[in-house]
Amino acid sequence: MSSTDYYEQARKRVKKRREFYGNSIAWVLTCSFLLFINLNTSPWHLWVIYPFLGWGISVAVQAYEVYGPTNDDWEDREIEREMDRIDAQRQRHSYDRSERSRFPEDSLELREIEKNWDDRDLV
């Protein structure tokens with residue numbers, strides 16, 4: 001990745017966080033104001049719970065997208081882990097080939113054994 005790619009990725013993450021903070025502050029202020037209105041006009045019916053929960057679910061989903069385990073850092077770490085596993089398998093495989101090529105007589109013998117095995121040999 002080039003430095004411009006890293007910059008764009010960082011810029012997108014910061015923008016998501018800024019939007020989350022703005023949405024959270026607006027949610028708290030608006031719900032507080034609605035609660036004040038609700039308690040002063042009709043305290044026997046708490047209708048403020050509906051906008052509070054509706055908007056709250058949206059804020060919770062946004063928080064999960066910004067800070068949850070499925071963010072880009074997690075994906076990058078998983079990709080690196082998988083690449084390391086593939087690289088280790090390749091190295092083991094190339095090591096096995098180099099060991100066989102150093103001892104051609106053993107290699108020929110191993111090939112013959114590998115060709116002529118039967119399921120009954122495994123019991």
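Each residue takes its place number in the sequence, starting with 1.
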task = Decide side chain to side chain contact (heavy atoms under 4.5 Å, CB included) for Asn38 and Trp47; before the verdict, give the C-alpha distance in whole Å, the side-chain angles of both, and the deciding distance to 0.1 Å.
result = CA-CA 7 Å; Asn38 185 190; Trp47 52 263; 3.0 Å; yes
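- Going from atom CG of Leu46 over to atom CG of Leu34 covers 12.0 Å, rounded to the nearest 0.5 Å.
- Considering CG of Leu53 and OG of Ser58, their distance stands at 12.5 Å, rounded to 0.5 Å.
- Criterion: ILVMFWY side-chain heavy atoms under 4.5 Å apart, direct or through other members. Under it, Ile49 and Val59 are part of a common hydrophobic cluster.
- Counting heavy atoms from C-beta on, the side chains of Val48 and Phe36 never come closer than 4.5 Å.
- Under the 4.5 Å side-chain criterion, counting only non-hydrogen atoms from C-beta, Val28 is in contact with Ser32.
- Side-chain heavy atoms closer than 4.5 Å link hydrophobic residues (I, L, V, M, F, W, Y) into clusters, and following such links, even through other members, never connects Ile25 to Leu35.
- The distance from the CE atom of Met83 to the CD1 atom of Ile86 is 8.0 Å, given to the nearest 0.5 Å.
- Contact of the Arg17 side chain with the Tyr67 side chain is registered, since non-hydrogen atoms from C-beta on lie closer than 4.5 Å.
- With 3.5 Å as the limit, one finds no donor-acceptor pair spanning the side chains of Trp55 and Thr30.
- Going from atom NZ of Lys15 over to atom CZ of Arg11 covers 6.5 Å, rounded to the nearest 0.5 Å.
- Gly56 and Trp27 make their closest contact through N-NE1, 3.4 Å (heavy atoms, listed as atom of the first residue, atom of the second, distance).
- Here Lys16 does not pair with Glu19 in a salt bridge; the nearest charged N to carboxylate O distance is not below 4.0 Å.
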